[in-house]
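Computed from a prediction, not measured in an experiment: that's the story for all the values here. Naming convention: chains lettered A, B, ... in sequence-line order (proteins, then strands); numbering from 1 in each chain.
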2 protein chains.
Amino acid sequence: MVPKYSSSRENYVKAIFHLQEIHGTVTTNDVASEMQTRPASVTDMLKKLKAQKLLLYEKYKGFKLNTEGRKVALQIIRKHRLWEFFLVEKLRFGWDEVHEIAEELEHISSKKLIDRLDEFLGFPKTDPHGDPIPDSQGRYTISRQVDLLNLPVNQIAEVSSIGDQSVEILELLNHKHIALGTRLEVKKKFAFDNSLELKIKNQSTVTISEHVAKNVFVKYDDE
Amino acid sequence: MVPKYSSSRENYVKAIFHLQEIHGTVTTNDVASEMQTRPASVTDMLKKLKAQKLLLYEKYKGFKLNTEGRKVALQIIRKHRLWEFFLVEKLRFGWDEVHEIAEELEHISSKKLIDRLDEFLGFPKTDPHGDPIPDSQGRYTISRQVDLLNLPVNQIAEVSSIGDQSVEILELLNHKHIALGTRLEVKKKFAFDNSLELKIKNQSTVTISEHVAKNVFVKYDDE
DNA sequence: AATAAAATTTAGACAAATCTAAAAAATAAA
DNA sequence: TTTATTTTTTAGATTTGTCTAAATTTTATT
Ligand SMILES: [Mn+2]
Ligand SMILES: [Mn+2]
Ligand SMILES: [Mn+2]
Ligand SMILES: [Mn+2]
C-alpha cells in the first residue's frame, strides 16, 4: 500500500484547500506563512503539485486546486477529523490536544482503515472542534452558525465550532469552561472594547474579549 | 512533537532487533534481505545509527543494538502490536490484513496516544498473531510454546502464535480454519514428508505440510 | 598458503524536500 | 509614468535516504 502522495505534499494540498475556502484565491506568501515555511519552498512544491495534476498554476499568475486536488484535500481532512473524534471520544483526550496528533495520523494511507474507523465511531458528522467531517465520497454539510459578537443578548445558544484552533485559544476556552455543546447566552455587550459578559449554563458569568468572541460560533433556534 | 527518529531509521532498528533476537548476531546481508533493500544502503544507515548512539558497530566486525537501541526497538514493537490488536478487536480486520497498516501506524510519535490506546484496549498481553506486547517500560513475557511438529500425538493444544507472518501462510491457515486460540490435536504424523493430520475442534480433519507445522506454535497443559 | 568466493564498504550519483541569496515580475507610491 | 516596494521565482546548496558499480576485507576452498 504505497501512498500516492508524500506527507509533505498532502500538507500543502490541505493548506491550499483551507486558504482557498477562505480567500477564494491563494498566494505563495499565504501558504508559506500558514505552513511555517519559505516562499521559495512553496514555489518548488507548486511545480510538483502541478506536475502531479492536482493544481492549476501559472507562474506569477496565482494558483488553485483542480477537481482532483480538492478531492485529495477532502480525504485528508476526513482522516484528520475522524482521528480527532476518535482521540476525544474513545481515548479521552482534551479537544485542545488532538490537533497535533491528528496532523500525523491523517497521513496513514489505508482507505479501508478510515472507513472502518468511521463506522466504529458511528459515522460522526462533526469533529471535536465542530468542523464537518466529509463522508467517504468527500461530501459534507455546513450548518448555519453565527459568532458570539452577532448573537442577540439573552438568546440561549449552543457552541458549535471554534474559528481559530490554536492551542492558545483552546486553552483559554477550557479555562472558562466553554466547550463544544456548551449552552450559554450573552448578558452584556460593552461598546468600549466590544468585550462580552456571558452566562454559561450551570456555571458562573465570564468575560471574553472581542478577539475571542469572533472565534466562537454558536447555533440557536430563532423563532 | 518532532519525532526523534525518522520512519526509515525506526524500521532499521526494528529489523535489527528481530534479527538479533533470532541469531544473536546480525549481518549486513541479513538486514538487507529482511528489509528488501541493498547492502550498501544498510551500511549507510548503520553509520547513521551509530552516530545516533543506538548501535554498536565497527566496520567489517558486525553490529548490534546497544541498550538505547533496544529500548527504541521495543517501543516501536509495542506500537505495532497495539495497533494490530486495535485493528482486529475494534475495527474487525482479519489478522492477516493488519500487519501492513501497523507498519505505518507504528511510526506515529505520541507516547501519550499509545499509552491511552493501551488502556482503551484493556492492556492486552499479546497481539493478534500471539506475539507479546511490551508494556510502556518495554517489559514483556514470552510463554513457553512448542511447534506442531513437536506436539505429541493426541495431545489437545491451543494455537498461541505463528512464526512466519507472511500473508501467504495466514491465508492458508484462514482457509483451514486455524486461528489464534483454535484448539486442535495431531492425529497422525507421516514420516515420509513430515506432513501432519490435524483434528481441529468442532471442525473436520485437515492435512498440513512440515513447512506449515514448523510455523504454528501451541500451548498445552502437560501433566 | 595461495586463490576463489562471498560479504561488506566506499565512491559517486540521484530524487525529494528544504533553505539562502539574488533576480525577475507585479503592484503600489510618488 | 517613473520609482520604490512587495511578491514570486530562480540559482545553487544542503540533508536524508536510496541506488549501482567498484574496491576492500573476510571467509572458504583448493
Ligand atoms: Mn499533517
Ligand atoms: Mn479539528
Ligand atoms: Mn514501519
Ligand atoms: Mn503481529
Side-chain angles (χ1 to χ4, degrees), chain A residues 2-16 19-20 22-65 69 72 76 103-104 106-107 109, chain B residues 1-16 19-20 22-65 69 72-73 76 103-104 106-107 109:
Chain A
V2 171
K4 250 182 177 160
Y5 312 103
S6 70
S7 294
S8 180
R9 279 156 146 85
E10 289 190 345
N11 286 335
Y12 273 95
V13 167
K14 190 169 58 125
I16 295 169
L19 291 169
Q20 75 183 27
I22 303 167
H23 302 104
T25 163
V26 193
T27 72
T28 303
N29 275 351
D30 278 355
V31 176
S33 83
E34 169 92 359
M35 298 194 62
Q36 312 252 65
T37 184
R38 296 297 176 160
S41 308
V42 175
T43 303
D44 288 343
M45 185 56 84
L46 294 178
K47 291 178 190 167
K48 292 169 193 163
L49 296 179
K50 186 190 179 181
Q52 228 163 149
K53 296 196 192 306
L54 298 177
L55 194 71
L56 303 168
Y57 168 63
E58 300 286 345
K59 64 179 176 173
Y60 292 111
K61 296 275 181 64
F63 51 91
K64 62 179 173 186
L65 296 174
V72 170
I76 305 162
E103 206 53 50
E104 287 183 57
E106 70 189 357
H107 304 293
S109 61
Chain B
M1 199 156 295
V2 173
K4 252 183 177 160
Y5 312 103
S6 70
S7 294
S8 181
R9 278 154 146 83
E10 290 190 345
N11 287 335
Y12 274 95
V13 168
K14 190 170 58 125
I16 295 168
L19 290 170
Q20 76 184 26
I22 303 168
H23 302 105
T25 163
V26 192
T27 72
T28 304
N29 275 350
D30 278 354
V31 175
S33 83
E34 169 91 0
M35 298 194 64
Q36 313 252 63
T37 184
R38 295 302 175 151
S41 308
V42 175
T43 303
D44 287 343
M45 185 55 84
L46 294 178
K47 290 178 190 167
K48 291 169 193 161
L49 295 179
K50 185 191 180 180
Q52 228 164 148
K53 296 194 192 307
L54 297 176
L55 193 70
L56 302 169
Y57 167 62
E58 300 288 344
K59 64 179 177 173
Y60 292 110
K61 299 273 182 65
F63 51 91
K64 62 180 174 186
L65 297 174
V72 169
I76 304 161
E103 206 51 50
E104 286 184 56
E106 70 188 358
H107 304 292
S109 60

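- The side chain of Lys59(A) approaches dT10(D) more closely than any other nucleotide in the set dT18(D), dC19(C), dT10(D).
- Asp44(A) places its CG atom 17 Å from the P atom of dT15(D), with the value rounded to the nearest Å.
- The distance from atom CD of Glu58(B) to atom P of dT9(C) is 11 Å, rounded to the nearest whole Å.
- Straight-line distance from the CZ atom of Arg38(A) to the C1' atom of dA21(C): 12 Å, rounded to whole Å.
- Among the nucleotides dT9(D), dA21(D), dT18(C), the one closest to the side chain of Leu46(A) is dT9(D).
- Checked by atom type and distance alone, the side chain of Lys50(A) never pairs as donor or acceptor with a backbone atom of Leu55(A) at under 3.5 Å.
- Across all strands shown, Phe63(B) has no heavy atoms under 4.0 Å from either base or sugar-phosphate atoms.
- Rounded to whole angstrom, the span from the CD atom of Gln36(B) across to the C1' atom of dT18(D) amounts to 15 Å.
- Results of the side chain to side chain contact (heavy atoms under 4.5 Å, CB included) test with Ser7(A) over Glu104(A), Glu106(A), His107(A) single out His107(A) as the only residue that passes.
- There is no side-chain donor-acceptor pair under 3.5 Å between Gln20(A) and Thr25(A).
- At dT16(D), none of the side-chain N or O atoms of Tyr12(B) fall inside 4.0 Å of OP1 or OP2 (strictly under the cut-off).
- Under 4.0 Å is where a charged nitrogen must lie from a carboxylate oxygen, and between Glu103(A) and Lys14(A) at least one such pair does.
- How far CD1 of Ile22(B) is from CD of Glu34(B): 7.0 Å, rounded to the nearest 0.5 Å.
- Asp30(A) places its CG atom 16 Å from the P atom of dT6(D), with the value rounded to the nearest Å.
- Using a 4.0 Å heavy-atom distance criterion, Thr43(A) is classed as a base contact.
- Atom pair Asn29(A):CG and dT5(D):C1' shows a separation of 13 Å (rounding to whole Å applied).
- A donor-acceptor contact under 3.5 angstrom links the side-chain atoms of Tyr60(B) to the base of dT24(D).
- Closest approach to the Ala40(A) side chain among dT20(C), dT18(D), dT8(D) is made by dT20(C) (side chain taken as heavy atoms from C-beta onward).
- Look at NZ on Lys48(A): it is 14 Å from P on dT9(D), rounded to the nearest Å.
- Both Lys61(A) and Ser8(A) sit near DNA chain C, but only Ser8(A) has its closest nucleotide nearer the 5' end.
- Tyr5(B) comes within 4.0 angstrom of no nucleic acid atom, judged by non-hydrogen atoms across all strands.
- Separating the OG1 atom in Thr28(A) from the OH atom in Tyr60(A) is a distance of 10.0 Å, to the nearest 0.5 Å.
- Considering only side-chain N and O atoms, Lys47(A) lies nowhere under 4.0 angstrom from the phosphate OP1 or OP2 of dT9(D).
- When distances are taken from the side chain of Thr37(A) to each of dT18(D), dT9(D), dC19(C), the shortest belongs to dC19(C).
- Relative to the side chain of Ser41(A), the nucleotides dC19(C), dT7(D), dT10(C) differ in distance, and dC19(C) lies closest.
- Nucleotide dC19(C) holds its P atom 10 Å from the CE atom of Met35(A), rounded to whole Å.
- Among the protein residues, Thr28(B) comes within range of the sugar-phosphate backbone only, with heavy atoms under 4.0 Å from sugar or phosphate atoms but none that close to a base.
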